[in-house]
Asks: 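Mind looking over this structure? Questions follow.
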Amino acid sequence: MRVSATVLLAAAAATLTSATRSSKRGLVFVPSEKHPTDNQIWVGGNSDLTWYYNYQVSPSPAYSNRTQSEFEFVPMLWSPTTTFLSQVKTMIAGGRNITHILTYNEPDGTTSTGGSNVEPAVAAANWISQVEPLRKLGVKTGAPAVTGSPSGHTWLKMFFDACHSLGTNCTADFIPVHWYGNFEGLASHVGEVAGTYQNKSIWITEYALNNQSLSDTQSFYNTSAEYFDRISYISRYSYFGSFRSDVSNVGPNATMLTEKGQLTDIGSWYLGGAATNNIPSSFGVKVVPGIGAMIVAFVAGLLGRYILA
């Protein structure tokens, strides 16, 4: 009997990885309006995910019945606004135990690539107004979540310099990291961030090996998960892939769901389960122009980020 190369690769990956669980794992929530039942996969069964964020300040309706202790929501200040502080304070006053926040999604990136495209000086002034007061309430703050490119390092330095020029440190309790690429590059980038911002914990809030073979993508997932769980200063991580393979902009093999909505091996492993041998496919994939515009629309509450539901 002749067995396809794809099946052999999947079987090999399954033998290399047993079910592992981690309290560090969270969800980059990308809602599907076309397949709303997909949204419950991440909190159903024996999922080990403990927290999520959705690029917005308010919790997602899909998880409105979940308390913070059941599934912690982490608000994000996507781009400068005058209402973030009051919205978070209102949630806290209403009984939602907000303990951490994220700020400025890829401010060094353009809207066409999904960034919030914010000047460092503008972000610094807004941070002082909308973020710094939350620290006085005991909320832990994440530094701006810059891209993994050299421009990210430059932007973040300019941000903290701008804060100093305005008379404050803009103190961040942890440094978020975004990375799309191989493990060697990821580990090098994390090491550089850790060396630059010493004694700060790190959150990996977006990461994946995009547009690569199934075997390479699964190997990347396994190696990076073991690395994140082992390194003590990495407090949390959230894999970017909570959507179906036929609507993925990071390649079908990086996703946690097949085109039929079944958990892939990576999806099941990430939730703490065993391999499923469900092979993701790009069959029927949609060509989606204007991804950046879609992200902005999602932040406004209209569409899911990166996905045409």
Side-chain angles (χ1 to χ4, degrees), residues 10 14 19-23 25-76 96 114 205-208 210 214 217-218 221 225 236-288 291 294-295 297-309:
T20 61
R21 302 181 66 80
S22 172
S23 61
R25 293 177 192 161
L27 175 68
V28 186
F29 183 48
V30 182
S32 174
E33 294 181 359
K34 185 175 181 180
H35 304 287
T37 55
D38 288 359
N39 301 333
Q40 298 306 313
I41 290 174
W42 317 116
V43 293
N46 200 30
S47 171
D48 68 349
L49 304 189
T50 60
W51 64 280
Y52 79 102
Y53 77 99
N54 59 9
Y55 302 98
Q56 300 185 59
V57 64
S58 299
S60 296
Y63 308 126
S64 59
N65 63 334
R66 303 276 172 168
T67 65
Q68 286 292 91
S69 60
E70 292 173 325
F71 196 38
E72 180 190 354
F73 171 64
V74 180
M76 171 179 273
R96 185 170 286 275
T205 50
E206 278 189 29
Y207 77 103
N210 52 317
L214 182 61
T217 305
Q218 291 181 337
Y221 169 78
R236 302 190 186 192
Y237 60 95
S238 49
Y239 183 79
F240 187 77
S242 61
F243 35 81
R244 297 192 180 201
S245 59
D246 60 340
V247 292
S248 171
N249 75 313
V250 289
N253 295 326
T255 63
M256 294 197 282
L257 296 175
T258 69
E259 72 282 3
K260 297 179 181 179
Q262 303 166 310
L263 282 170
T264 63
D265 285 349
I266 289 176
S268 184
W269 290 332
Y270 193 68
L271 299 185
T276 63
N277 294 322
N278 294 324
I279 307 301
S281 170
S282 59
F283 177 76
V285 67
K286 304 167 186 175
V287 178
V288 184
I291 289 174
M294 293 173 61
I295 298 171
F298 171 46
V299 173
L302 300 176
L303 292 174
R305 187 179 192 264
Y306 287 93
I307 299 297
L308 185 58

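Bear in mind that the values here come from a model prediction, so they are computed numbers and not experimental data.
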Asks: Is any side-chain heavy atom of D265 less than 4.5 Å from a side-chain heavy atom of Y221?
Replies: no
Asks: I want to check something: taking the side chain as every heavy atom from C-beta on, are V28 and Y55 in contact at a cut-off of under 4.5 Å?
Replies: yes
Asks: Taking atom CG of L214 and atom OG of S281, what is their separation to the nearest 0.5 Å?
Replies: 11.5 Å
Asks: Using the test side-chain contact (heavy atoms from CB on, under 4.5 Å), find all partners of Q262 that sit at least two apart in sequence or belong to another chain.
Replies: T258, K260, N278
Asks: So do E70 and Y63 actually touch side chain to side chain, heavy atoms under 4.5 Å?
Replies: no
Asks: Taking only residues at least two apart or on different chains, which pairs with a member in residues 267-276 satisfy salt bridge (Lys or Arg N to Asp or Glu O under 4.0 Å)?
Replies: none
Asks: List in chain and number order the residues that pass side-chain contact (heavy atoms from CB on, under 4.5 Å) with S47, two or more places apart in sequence or in another chain; answer none if no residue qualifies.
Replies: L49, L271
Asks: State which residues pass ring pair (Phe, Tyr, Trp, His ring centres under 6.0 Å) with W51; sequence neighbours excluded, sorted by chain then number.
Replies: W203
Asks: Between R236 and E72, is there a side-chain N and carboxylate O pair less than 4.0 Å apart?
Replies: yes
Asks: What pairs with D38 under side-chain hydrogen bond (donor to acceptor under 3.5 Å, both in side chains), at least two apart in sequence or on another chain?
Replies: R244
Asks: I want to check something: taking the side chain as every heavy atom from C-beta on, are I41 and L257 in contact at a cut-off of under 4.5 Å?
Replies: yes
Asks: Measure the spacing between OG of S60 and CZ of R66 and express it to the nearest 0.5 Å.
Replies: 12.5 Å
Asks: With sequence neighbours left out, what residues match P252 under side-chain contact (heavy atoms from CB on, under 4.5 Å)?
Replies: S245, S282
Asks: Heavy atoms, side chains only, cut-off 4.5 Å: are T255 and F240 in contact?
Replies: no
Asks: Which heavy-atom pair separates M256 from G267 by the least distance, and what is that distance?
Replies: CB-CA, 3.5 Å
Asks: Please report the interatomic distance CZ(R21) to OG1(T50), rounded to the nearest 0.5 Å.
Replies: 10.5 Å
Asks: Specify the closest pair of heavy atoms between S32 and N39, including all atoms of both residues, with the distance to one decimal.
Replies: N-OD1, 3.2 Å
Asks: Checking N210 now: which residues fulfil side-chain hydrogen bond (donor to acceptor under 3.5 Å, both in side chains) with it, not counting sequence neighbours?
Replies: none
Asks: With side-chain contact (heavy atoms from CB on, under 4.5 Å) as the test, would you mind laying out the steps for F243 and V250 before giving the verdict?
Replies: CA-CA 10 Å; F243 35 81; V250 289; 4.0 Å; yes
Asks: Output all residues satisfying side-chain hydrogen bond (donor to acceptor under 3.5 Å, both in side chains) with Y207, sequence neighbours left out; order by chain, then residue number.
Replies: none
Asks: Classify the side-chain pair R25/T20 by whether it contains a donor and acceptor separated by less than 3.5 Å.
Replies: yes
Asks: So do T205 and Y53 actually touch side chain to side chain, heavy atoms under 4.5 Å?
Replies: yes
Asks: Just jot down the side-chain hydrogen bond (donor to acceptor under 3.5 Å, both in side chains) partners of S22, sequence neighbours excluded, or say none.
Replies: D229
Asks: Quick check: do S242 and Y270 have side-chain heavy atoms less than 4.5 Å from each other?
Replies: no
Asks: Just grab all the salt bridge (Lys or Arg N to Asp or Glu O under 4.0 Å) pairs involving residues 52-61, residues at least two apart or on different chains.
Replies: none
Asks: Could you check whether any side-chain heavy atom of V57 comes within less than 4.5 Å of a side-chain heavy atom of M76, counting everything from C-beta outward?
Replies: no
